[in-house]
Amino acid sequence: MKNRDIIMRRLEHIESNMSKLDFILKRQGNREEFEEVIQDTKDYINDAKSFVQQEPLSPGEVNNY
């Protein structure tokens with residue numbers, strides 16, 4: 001996988017955002033903070049998906065995306 005490092009960084013950022021969301025909920029943060037982190041997470045998920053879609057398919061593999 002040629003984009004392994006990039007995808008791993010995106011996934012680590014998503015994990016970090018999940019911790020941020022947990023922290024926001026525990027300290028009763030505001031809705032805007034929560035929505036901002038959710039949008040950031042969605043952006044990183046879309047980035048990771050696009051890198052996976054760019055990967056060449058192995059023999060016999062079907063890309064459902």
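- A continuous path of ILVMFWY side-chain contacts below 4.5 Å connects Phe51 to Leu11, so both sit in one hydrophobic cluster.
- At least one side-chain heavy atom of Ile38 sits under 4.5 Å from a side-chain heavy atom of Lys42.
- Here the side chains of Glu32 and Glu36 are not in contact, with every heavy-atom distance at 4.5 Å or above.
- The line from CD of Glu12 to CD1 of Ile7 is 12.0 Å long, rounded to the nearest 0.5 Å.
- The distance from atom OH of Tyr44 to atom NE2 of His13, rounded to the nearest 0.5 Å, is 4.0 Å.
- Taking a cutoff of 4.0 Å between a charged side-chain nitrogen and a carboxylate oxygen, Asp5 and Arg9 do not qualify as a salt bridge.
- One finds the CG atom of Leu21 at 5.5 Å from the OG1 atom of Thr41 (value rounded to the nearest 0.5 Å).
- For the atom pair Asp47 CG and Ile6 CD1, the distance stands at 9.5 Å (nearest 0.5 Å).
- Nearest approach of Asn17 to Val37, heavy atoms of both residues: O-CG1, 3.6 Å.
- Salt bridge present: Glu33 and Arg27 bring a charged side-chain N and a carboxylate O closer than 4.0 Å.
- Annotation: the span from Ser50 atom OG to Ile45 atom CD1 amounts to 12.5 Å, rounded to 0.5 Å.
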